[in-house]
Amino acid sequence: MLRSLGTMPPTVCERELCVFAFQTLGVMNEAADEIATGAQVVDLLVSMCRSALESPRKVVIFEPYPSVVDPNDPQMLAFNPRKKNYDRVMKALDSITSIREMTQAPYLEIKKQMDKQDPLAHPLLQWVISSNRSHIVKLPVNRQLKFMHTPHQFLLLSSPPAKESNFRAAKNLYGSTFAFHGSHIENWHSILRNGLVVASNTRLQLHGAMFGSGIYLSPLSSISFGYSGMNKKQQKVSAKDEPASGSKGSTTSQSQKKGQQSQFLQSRNLKCIALCEVITSSDLHKHGEIWVVPNTDHVCTRFFFVYEDGQVGDTSINTQEPSIHKEILRVIGNQTATG
């Protein structure tokens, strides 16, 4: 029932019996307590959940749908994937957001407030945290990629150990490089739980598959920013002599001063892109600056970058430039098992 993915948070299967055992035995509470210490990560997970739920495509992309035991009747599911009620989930999510925006207290200290406003709010929050199958942690300043121009940088490992093992084997044979994957924030609720999948010719496909079926990547930040929904006004071209200080100094310091403040919940215009490691075998199809990888085992997420309202992304980044590639390798260090 409970499956441990190495150092990743526990995950739970969708069978109702498993959900009951997982939540009522208190395993989810323990998992949620441990992971919730990263308040900014939790805020990001909640924001992704909200974006998927608000999307016109929610029937397709709000997957998985929550499985939550009714706190008033342990024999019933309050949120049931077989009986979906998007409006009720949104109501509970609104309670989470409104209470979180009113206080900077840790999530676990505001459980009573959530229970008072909506008895399903805190159980839903626990599900949002514990259903995340990816390992996502905020990177300290000295481990950030300064040229990405955002203080919101995360290590993102979304592949289970078996896939990472296959990836390492392929990397030993063919080598690897790095490329960006851009996707609208509404899609990341599913990606963090199901991994990067080939959306081509499925209901998940949003953009065309001009170059065939596969996961679409690009070495150019400008292309992936476009797929993330970031418009041209939110992109910038940095001058060659511009210091690699990331965002303006004030932005970084303001973010650090905010501490646990729920900045992501206060923004309705988050944009995000991932930096992935990709196997450089003949399976990697390069069509100019658009790369297509049909084999999902040949792509693993490594970093995740979030841009708030008013933040701009640098369109001039090319992962194939030696200086950029070297900096990525320096920062990634021993943070993944692929070295």
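In this text, all values refer to a predicted model and were calculated from it rather than measured experimentally. Just so you know, these numbers use all the heavy atoms, side chains as well, and skip hydrogens, waters and symmetry mates.
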Worksheet item: When you check the side-chain N and O atoms of K83 and N85, is any donor under 3.5 Å from an acceptor?
Response: no
Worksheet item: With distance as the sole criterion, is a donor-acceptor pair present between the side chains of E289 and S222 under 3.5 Å?
Response: no
Worksheet, complete the sentence: For C300 and K163 the tightest heavy-atom approach is SG-CE, 4.2 Å
Fill in: Separation of L157 CG from E164 CD (nearest 0.5 Å)
6.0 Å
Worksheet, complete the sentence: Contacts of K286 meeting side chain to side chain donor-acceptor pair (under 3.5 Å) (sequence neighbours excluded), chain-then-number -> none
Item to complete: Please check if the distance between the ring centroids of Y227 and Y216 is under 6.0 Å.
Response: no
Worksheet entry | For the student: nearest non-hydrogen atoms of L196 and I191, plus distance | CD2-CG2, 4.0 Å
Discussion item. When you compare the side chain of P123 with that of D70, does any pair of heavy atoms fall below 4.5 Å?
Written reply: no
Item to complete: Inspect the surroundings of OH in Y86 and state if more than 12 heavy atoms from other residues, nucleotides or ligands are less than 6.0 Å away.
Response: yes
Discussion item. Would you call the rings of H189 and W127 parallel, tilted or perpendicular, taking 30° and 60° as the class edges?
Written reply: tilted
Worksheet item: When rounded to the nearest 0.5 angstrom, what is the spacing between CD1 in I129 and CD in Q126?
Response: 7.5 Å
Fill in: Value rounded to 0.5 Å, distance of NE2 in H181 from OG in S224
8.0 Å
Practice prompt. For the residue pair H122 and P71, establish whether any side-chain heavy-atom pair is separated by less than 4.5 Å.
Written response: no
Discussion item. Within the 4.5 Å heavy-atom criterion, are L44 and I136 side-chain neighbours or not?
Written reply: yes
Worksheet item: When the ring centroid of F304 is compared with that of W188, is the distance short of 6.0 Å?
Response: yes
Worksheet entry | Flag side-chain contact, heavy atom, 4.5 Å: L217 against C276 | yes
Item to complete: Answer yes or no: is there a side-chain heavy-atom contact under 4.5 Å between F79 and V89?
Response: yes
Worksheet, complete the sentence: Note: V46 and L125 closest approach over all heavy atoms is CG2-CD1, 3.9 Å
Worksheet entry | Nearest-0.5 Å distance, CD of residue Q40 to OG of residue S47 | 10.0 Å
Discussion item. What's the separation between atom NZ in K116 and atom OG in S95, rounded to the nearest 0.5 Å?
Written reply: 13.0 Å
Worksheet item: Pick one: which of K111, Q113, K112 meets side chain to side chain contact (heavy atoms under 4.5 Å, CB included) with D115?
Response: K111
Discussion item. Within the structure provided, determine whether I273 and M148 are in side-chain contact (heavy-atom separation under 4.5 Å).
Written reply: yes
Worksheet item: Nearest heavy-atom pair of V331 and F303: which atoms, and what distance?
Response: CG1-CZ, 3.8 Å
